[in-house]
Amino acid sequence: MKESPSATVENSQGANAEAEKRTTTQIAEGNYWLGHTDEGLEVQGDRYRYYSEGGEQPWRSIDELKAMQAGVVYDGRVYWCLASMKPKGSIASCSEKGWVTKSASASTQPMPPSGANRALLFSCLTDNGKEILLYETDTTIEYSFGRPDETPELALQVPRDRASTWQWKGVGRWMSYAVDVPNGDTTYSVFWGVDRLSKTSEIEAGVRVKNNDKIAVTVNCASKVTSNLQGVKLQPTQY
């Protein structure tokens, strides 16, 4: 039985629509970023790999990635946006819908000048010279990430009652402290810890970036670690 002309047209249109869909959601080659860490994802042909300040990971099949739209992929944990599509001169983070520019009230508000009521809670440098900073004032907790003496790549100010802290309970050999700074579905958990019973244990410190309470990436400190997280008076973090 021959197909009717109308059926042929509909089938052709359906095929074209599927082809167009595959084209528009094709995973383009290039570097993809989260927008608030040093970790990246590189796509090359039918493979991809993660990279960070610590080096590059092995190549993996691109079939593990899901194309959300042009320039946005999902790896099962977080969304990655094509670096070349990031708005220039703006602080932005990647979302399911693409790059989202942070509002001035939430993320780009400049830090106030240092003063008697502003105290350093944490600071360190990463392997590639980025600085992690955490301050407290009488009313706010302030987190920033970026190169020293430059405009931060990310800067947050939140009321003290929105931030929280994990304080070591005095039990166990692993002594650790942390302050969690929320920003929508993302939380920046600045941490410091050490095995207090080991003479050779190295301090572990840095920031864990969590999306919907799941750790997306950890940026570790490499040098110049200063921690005053012990005893900070905030509501307890619930894990």
Side-chain angles (χ1 to χ4, degrees), residues 11-102 107 124-132 143 145-147 150 152-154 183-191 202 204-223:
N11 290 339
S12 176
Q13 290 176 341
N16 290 337
E18 286 299 318
E20 182 180 354
K21 182 179 180 181
R22 286 195 298 271
T23 300
T24 55
T25 58
Q26 180 178 332
I27 299 178
E29 291 190 347
N31 292 316
Y32 290 73
W33 296 342
L34 297 173
H36 45 240
T37 74
D38 288 327
E39 190 175 49
L41 182 151
E42 180 185 3
V43 172
Q44 187 181 101
D46 60 355
R47 60 182 187 171
Y48 80 98
R49 65 181 174 185
Y50 298 104
Y51 63 88
S52 68
E53 59 188 30
E56 299 167 341
Q57 296 187 19
W59 290 103
R60 305 169 67 162
S61 171
I62 201 172
D63 292 337
E64 297 177 0
L65 301 179
K66 180 180 180 181
M68 307 305 298
Q69 61 176 336
V72 182
V73 298
Y74 181 63
D75 67 356
R77 299 181 305 134
V78 292
Y79 298 104
W80 297 85
C81 292
L82 197 60
S84 60
M85 297 176 65
K86 184 178 182 293
K88 296 185 182 299
S90 299
I91 296 175
S93 63
C94 184
S95 73
E96 180 180 4
K97 298 180 180 179
W99 287 108
V100 177
T101 302
K102 299 297 184 181
S107 300
C124 79
L125 293 178
T126 66
D127 274 339
N128 64 353
K130 300 290 181 71
E131 188 173 38
I132 299 171
Y143 166 80
F145 178 84
R147 294 197 178 279
E150 294 183 8
E153 296 176 22
L154 181 69
N183 183 34
D185 293 333
T186 303
T187 299
Y188 299 88
S189 182
V190 178
F191 66 92
E202 295 184 358
E204 294 184 9
V207 59
R208 296 186 181 96
V209 182
K210 303 177 183 178
N211 286 334
N212 294 314
D213 295 326
K214 295 182 179 179
I215 297 176
V217 63
T218 299
V219 180
N220 292 305
C221 296
S223 62

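These numbers come from a predicted model, not from an experiment. Below, all heavy atoms of this structure are taken into account, side chains as well, without hydrogens, waters or symmetry copies. Starting from 1, each residue takes its place in the sequence as its number.
With hydrogens and angles ignored, the 3.5 Å screen pairs a side-chain donor or acceptor of Trp99 with a backbone N or O of Leu82. A donor-acceptor pair is defined here as one N or O able to donate and one able to accept, closer than 3.5 Å; no such pair exists between the side chain of Glu131 and the backbone of Leu125. Without hydrogens or angle criteria, Arg147 side chain to Asn128 main chain gives a donor-acceptor distance under 3.5 Å. Formation of a donor-acceptor pair under 3.5 Å by the Gln69 side chain with backbone atoms of Lys97 is found in this model.
What you find for Thr126 and Ala222 is that their closest heavy atoms are C-CB, 3.7 Å. Across every non-hydrogen atom of Val78 and Ala216, the tightest pair is CG1-CB, 3.3 Å. Between Trp80 and Asp75, the closest heavy-atom pair is NE1-OD2, 3.0 Å. Closest of all the heavy-atom pairs between Val72 and Gly98 is CG2-CA, 3.7 Å.
At a cut-off of 3.5 Å, with distance as the only test, a side-chain donor of Glu64 or Tyr48 sits close to an acceptor on the other residue.
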Requested in this report: Take Tyr79 and Asn211 through the test side chain to side chain contact (heavy atoms under 4.5 Å, CB included) and record every step on the way to the result.
Outcome: CA-CA 10 Å; Tyr79 298 104; Asn211 286 334; over 6 Å; no
Requested in this report: Evaluate side chain to side chain contact (heavy atoms under 4.5 Å, CB included) for Trp33 paired with Lys86, printing each intermediate quantity in order.
Outcome: CA-CA 9 Å; Trp33 296 342; Lys86 184 178 182 293; 4.0 Å; yes
**Report entry** Verdict with supporting geometry, Phe191 and Thr218, side chain to side chain contact (heavy atoms under 4.5 Å, CB included)
**Finding:** CA-CA 10 Å; Phe191 66 92; Thr218 299; 4.0 Å; yes
Requested in this report: Please report the C-alpha distance between Asp63 and Leu65 in whole Å, then the side-chain angles of each, then the deciding distance to 0.1 Å, and finally whether the side chain to side chain contact (heavy atoms under 4.5 Å, CB included) criterion is met.
Outcome: CA-CA 5 Å; Asp63 292 337; Leu65 301 179; over 6 Å; no
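To the nearest 0.5 Å, the span separating CE on Met68 from CD1 on Ile27 amounts to 11.0 Å. Annotation: the span from Arg49 atom CZ to Ile62 atom CD1 amounts to 13.5 Å, rounded to 0.5 Å. Distance CG/Leu34 to OG1/Thr186: 9.0 Å, rounded to 0.5 Å.
Annotation: cation-pi pair Arg208/Tyr188 absent, no NZ/CZ under 6.0 Å from the ring centroid and within 45° of its normal. A cation-pi arrangement is found for Arg77 relative to Tyr50, the charged atom lying closer than 6.0 Å to the ring centre and inside a 45° cone about the ring normal.
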